[in-house]
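Note that this is a predicted model, so its numbers are computed, not measured. Throughout, a chain's letter reflects where its sequence line sits, starting with A, and its residues are numbered from 1.
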Amino acid sequence: MSGDQIDCGSRFNDSLKHKEKYKEKEHKHKDHKKDKEREKAKHGNRDKEKEKMKSKDGSADKYKDKHKEKKTKPLDVKVKKENGFASPPPAVKSEPEDTFFHSPKLEKSLKRERDDDNDSDFKAKKVKLENDKKVKKRKPEEEPKKTKNKRAVTDGKKKVKKEPEEKWKWWEEERYTDGSKWKFLEHKGPVFAAPYEPLPSHVKFSYDGKHMKLRPEAEEVATFFAKMLDHEYTTKDIFRKNFLKDWRKEMSAEEKTKLTDLNKCDFVPMSEYFKAQSEARKAMSKDGKLKIKEENERLLQLYGFCIMDNHRERIANFRIEPPGLFRGRGDHPKMGMLKRRIRPKDIIVNCSKDSKHPEPPPGTKWKEVRHDNKVTWLVSWTENIQGSIKYIMLNPSSRIKGEKDWQKYETARQLKKCVDRIRTQYREDWKSKEMRIRQRAVALYFIDKLALRAGNEKEEGETADTVGCCSLRVEHIKLYPENDGQEFVVEFDFLGKDSIRYYNKVPVEKRVFKNLQLFMENKETDDDLFDRLNTSVLNKHLQELMDGLTAKVFRTYNASITLQQQLKQLTSAEENLLAKILSYNRANRAVAILCNHQRAPPKTFEKSMQNLQAKIDAKRDQLVDAKRELKSSKADAKVRRDEKSKKSVETRKKAVERTEEQLMKLEVQATDREENKQIALGTSKLNYLDPRISVAWCKKWTIPVEKIYNKTQREKFAWAIDMAEEDFEF
DNA sequence: GTCCATACTTAGCATCCCAGTG
DNA sequence: CACTGGGATGCTAAGTATGGAC
């Protein structure tokens, strides 16, 4: 069962190819809410009858059996045969369940034991949530410092120098259990975007062939457009329309009357000017570059850190987003709109009362200063495109993010313990008398098996038309009673998060198939597939099945368990370091495929692949030469039988070995890169894979963790690197 | 249940930067 | 030593989830 997610279909290879075509397809659906209502009314009585019919068709096929024959298609295709590293692709053969699902004393390896949770950290969270009143103190020695801000600050500053050597192991300390996120918080506030600098007078803008001097407000917005001139989207109707509308808002009455047609605007001189500027920046002297670097470092030291509970912690995004033109992902109805400049009076500052409050720039005021220690953000503002709130928060290496991340994986491990029960349950629910329960059960099956996202409803016309599981519409799936020799095949084709296409053909169990047919009956293509379901209903149900369980936990769980399983299967002891790392990447890749983490093939892909191939060819030739030389040396040595020729044999043998190794290295590199062409590994590595699995794997095979995690990643996963031992089991 | 606000995680792409190469 | 490919980092959009008002 552990590997079933791997199997999910033939999604990848054709997926991106169709991206463009797919975009053209119109999603004309509208009025979903109404549709949902309508559906309900329509099917109200029918459900019960249906149930009778359906309840006969079931067979008692075991979930487990179902998944025995699975293997990864996408990787199959891509594995290179010529090089010596065609270790089998991550074909998933079924393993005895036991290997995975009973976990022998998993927790024992954790060094620290937070008093309150011997069992798991998941429970720790529970405690936190339930006993809101019982304030647990963090480490006692911290307490006094927290209260006096002066001291906290000085302490913090001392830490600046100290901390690099002795890293704070927050994971060895207790956590808050009272729902507060911190006791003391001090920071310097955000860094605002540089003010607009009007263009030099020689850079002309013209309208309808005539020069025209814009006042700075309008000119600034024009420069935003000019800077994007090379992008395809400046040619899109919606983009242009939105842009012009917002641009005109910044114009004087006079400008407004004149400038009515975007097609008559000439942004080219502006665009050229900015290109020249960026060239100039690139060509700058070393000194100049160093100056800039130093200034950046100064800003980072000043604004890039805060003091939270006695520790100096890195802030993730201390710079306020500069104004510009909004470009959403995919077919976004708001593309081209003006993203306003954020001013101090838009800013809410959050810090502790007893801290030194950040100062707004001279002559300005913050919108508000509050002291809310139930949240983790330092600064917030409301963005003008969607009206959503943006935050400045801490870096992933910080305690506050790290604890949460750790807890996320503990929840996923919790799911591991009861996933069998939950699977049995939803399979049972496929037969339910109630439509809403059947829908819930089928949706959950998709979320589990295919690692789909939950699929919250979205406001129509505000964002690109994308969906997740609960928001799938009839038009997003096709049912094939029989397809390519397989029975009950479901074809998924929809745009998910970031308008990334999800395309997959999956055989499902008969009952699921029949249910889908039922759900689709008498519906229009733009009706919701699961009209009786939404994410909050689903999550409420999940919450009852397991504490802390939500739809996304399945993604985390399935991703991590897949990595662990794949690593076990793909890593072979005899292989060298490089090959092991390739195996790791392949395991990682299996997860990325499961989670549909795609990327556009790098622009330079073909070229760089060619270069690499050329290198490989050259190395092959070199190897041939080296071997020939070795041979002749050997022959020579046989005849001469003296020390000198023996030595020469040795040297040449070494040369051959060295060359062989270099060749292998190149070939591995080529394989890895080819397989990675349109797959992004970073997202799963950073967000879905319990780092302790990777750390344990590194320890087991004595692979330096640096080969797997770069510096930033090591900082983020410091807790895992510190605590996971070789025998860690997810 | 629905709607809305809020907070926080997850996501891909653009740009930066630096190590390795010729 | 200059160049450059590609990984690291920055950026910010787009998700998930929850809780409270009605």
Side-chain angles (χ1 to χ4, degrees), chain A residues 33 36-37 40 129 181 231 278 281-282 289 292-293 296 300 304 316-322 324 326-330 332 334-335 339 348 350 372 374-377 380 382-383 385-396 400-401 404-405 408 436 447 453-459 462-464 466-471 495-500 532 534-540 542-543 548-553 555-556 559 592 595-600 602-605 607-609 611-612 615 669 673 676 678-688 709-713 715:
Chain A
K33 308 265 154 62
K36 228 167 194 169
E37 297 313 309
K40 265 183 214 170
L129 296 176
K181 304 294 172 68
H231 273 110
S278 90
R281 225 174 304 125
K282 267 186 229 154
K289 280 181 182 164
I292 291 176
K293 214 176 154 186
N296 278 335
L300 173 68
N317 56 326
F318 58 91
R319 286 171 205 274
I320 298 274
E321 297 172 18
F326 176 81
R327 173 56 172 122
R329 318 251 165 94
H332 199 115
K334 300 200 171 185
M335 66 171 85
K339 195 167 104 167
I348 302 174
N350 193 32
D372 181 356
K374 299 282 190 275
V375 297
T376 68
W377 53 267
S380 76
T382 301
E383 152 268 354
I385 304 286
Q386 324 268 0
S388 65
I389 307 171
K390 301 260 188 170
Y391 303 94
I392 292 183
M393 291 181 184
L394 297 196
N395 199 68
I400 213 157
K401 293 288 182 193
K404 198 81 184 297
D405 203 37
K408 173 181 77 187
R436 56 173 193 97
I447 286 171
R453 295 187 184 82
N456 286 321
E457 314 73 311
K458 316 165 67 187
E459 213 176 327
E462 294 291 298
T463 58
T466 61
V467 297
C469 186
C470 295
S471 49
L495 297 182
K497 181 175 179 181
D498 295 315
S499 291
I500 297 291
R532 305 296 173 83
N534 62 42
T535 51
S536 78
V537 167
L538 178 64
N539 280 335
K540 241 169 236 155
L542 292 176
Q543 201 63 242
L549 187 61
T550 63
K552 94 184 176 96
V553 178
R555 248 167 104 80
T556 312
C595 295
N596 201 37
H597 291 143
Q598 302 191 32
R599 62 167 186 177
K603 287 185 192 82
T604 54
F605 186 85
K607 198 179 136 216
S608 84
M609 221 47 210
N611 289 346
L612 193 54
K615 271 192 197 171
Q669 214 180 5
R673 199 184 292 171
N676 242 13
Q678 35 185 198
I679 301 172
L681 299 187
T683 305
S684 49
K685 207 178 199 177
L686 236 44
N687 300 299
Y688 289 103
Y709 290 134
N710 67 33
K711 186 165 152 284
T712 323
Q713 295 167 160
E715 279 166 13

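- In the set dA13(C), dG5(C), dG6(C), the nucleotide with an atom closest to the side chain of F326(A) is dA13(C).
- Taking for each of R327(A) and N710(A) the nucleotide of DNA chain C with the nearest heavy atom, the 5'-most of the two is the partner of N710(A).
- A donor-acceptor contact under 3.5 Å is formed by the side chain of K497(A) with the base of dT10(B).
- Here the P atom of nucleotide dT12(C) and the CD1 atom of I389(A) are 18 Å apart, to the nearest Å.
- T376(A) comes within 4.0 angstrom of the backbone, heavy atoms only, and of no base.
- Listed pair T683(A) / dG12(B) meets the phosphate criterion, a side-chain N or O lying under 4.0 Å from OP1 or OP2.
- The residue G496(A) sits close only to the backbone: its heavy atoms come under 4.0 Å of sugar-phosphate atoms, none of a base.
- Summarising the geometry, the separation between CG on L686(A) and P on dC13(B) is reported as 16 Å, rounded to the nearest angstrom.
- Here dT12(C) presents its C1' atom at 13 Å from CE of M393(A), a figure rounded to the nearest Å.
- Among the atoms of the strands shown, only primed sugar atoms or phosphate atoms (P, OP1, OP2) are found under 4.0 Å from some heavy atom of A551(A).
- Across the protein-nucleic acid pair, K458(A) atom NZ and dC4(B) atom P stand 17 Å apart, rounded to whole Å.
- If you check every strand for non-hydrogen atoms under 4.0 Å, G455(A) touches sugar and phosphate atoms only.
- In terms of position along DNA chain B, the nucleotide closest to W377(A) lies nearer the 5' end than the nucleotide closest to the other residue of the pair K552(A) and W377(A).
- In this structure, NZ of K540(A) is placed 12 Å from C1' of dG20(C), rounded to the nearest angstrom.
- A donor atom on one side chain and an acceptor atom on the other are found under 3.5 Å apart for S388(A) and E383(A).
- Within the structure, a side-chain polar atom (N or O) of R555(A) is placed less than 4.0 Å from OP1 or OP2 of dA11(B).
- For Q386(A), counting side-chain heavy atoms from C-beta on, the closest listed nucleotide (dA14(C), dT12(C), dA11(B)) is dA14(C).
- When the side-chain nitrogen and oxygen atoms of K408(A) are compared with OP1 and OP2 of dT10(B), one or more of them lie within a distance under 4.0 Å.
- A donor-acceptor contact under 3.5 angstrom links the side chains of K458(A) and T463(A), judged on distance only.
- Looking at heavy-atom distances under 4.0 Å, Q713(A) makes no contact with the nucleic acid at all.
- For N534(A), the listed nucleotide lying nearest its side chain is dT2(B); candidates were dG12(B), dT2(B), dA17(C).
- Atom pair N456(A):CG and dG15(C):C1' shows a separation of 8 Å (rounding to whole Å applied).
- Within the 4.0 Å cut-off from OP1 or OP2 of dG15(C), at least one side-chain nitrogen or oxygen of T466(A) is found.
- Side-chain contact annotation: R673(A) with S608(A), donor-acceptor N/O pair under 3.5 Å present.
- Across all strands, P396(A) comes closer than 4.0 Å to no nucleic acid atom at all (heavy-atom distances).
- Under a 3.5 Å cut-off, the side chain of N317(A) and the backbone N or O of Y391(A) do form a donor-acceptor pair.
- Side-chain contact check for T550(A) and N539(A): no donor-acceptor pair (N or O, by modelled atom type) lies under 3.5 Å.
- Nucleic acid contact class of K181(A) (heavy atoms, under 4.0 Å, all strands): sugar-phosphate only.
- Rounded to an integer number of Å, the gap from CG of L542(A) to C1' of dT18(C) is 14 Å.
- If you check every strand for non-hydrogen atoms under 4.0 Å, R281(A) touches nothing.
- Nearest-nucleotide positions on DNA chain C for G328(A) and V553(A) put G328(A) closer to the 5' end.
- Note: W377(A) CH2 to N350(A) CG = 4.5 Å, rounded to the nearest 0.5 Å.
- K339(A) comes within 4.0 angstrom of the backbone, heavy atoms only, and of no base.
- As a whole-Å value, the separation of R329(A) CZ from dT12(C) C1' is 7 Å.
- OP1 and OP2 of dA11(B) both lie 4.0 Å or more from every side-chain N or O belonging to Q598(A).
- Close to dA11(B), at under 4.0 Å from its OP1 or OP2, lies a side-chain N or O of H597(A).
- Not one side-chain nitrogen or oxygen of K711(A) sits closer than 4.0 Å to the OP1 or OP2 atom of dA8(C).
- Each of dA11(B), dA14(C), dG6(C) was ranked by its minimum atom distance to the side chain of S608(A); first place goes to dG6(C).
- Considering only side-chain atoms of Y391(A), the nucleotide from dT6(B), dA17(C), dT12(C) that sits closest is dT6(B).
- When distances run from any side-chain atom of I500(A) to the nucleotides dG12(B), dA17(C), dT12(C), the shortest one goes to dG12(B).
- In the set dT2(B), dC11(C), dC8(B), the nucleotide with an atom closest to the side chain of R319(A) is dC11(C).
- The shortest distance between the side-chain N/O atoms of T550(A) and the OP1/OP2 oxygens of dA17(C) is below 4.0 Å.
- Dashed line: the shortest gap from a side-chain N or O of K390(A) to OP1 or OP2 of dA13(C) is under 4.0 Å.
- Residue whose closest nucleotide on DNA chain B sits further toward the 5' end, between N296(A) and K615(A): N296(A).
- The shortest distance between the side-chain N/O atoms of K293(A) and the OP1/OP2 oxygens of dC18(B) is below 4.0 Å.
- The side chain of T604(A) contributes no N or O atom lying less than 4.0 Å from OP1 or OP2 of dG5(C).
- Using a 4.0 Å heavy-atom distance criterion, R453(A) is classed as a sugar-phosphate-only contact.
- Remark: of the listed residues R599(A), R453(A), R329(A), R329(A) is the sole one forming a salt bridge (Lys or Arg N to Asp or Glu O under 4.0 Å) with D498(A).
- Closest approach of Q386(A) and F326(A) over heavy atoms only: NE2-CZ, 3.8 Å.
- For dC11(C), neither phosphate oxygen OP1 nor OP2 lies less than 4.0 angstrom from any side-chain nitrogen or oxygen of N317(A).
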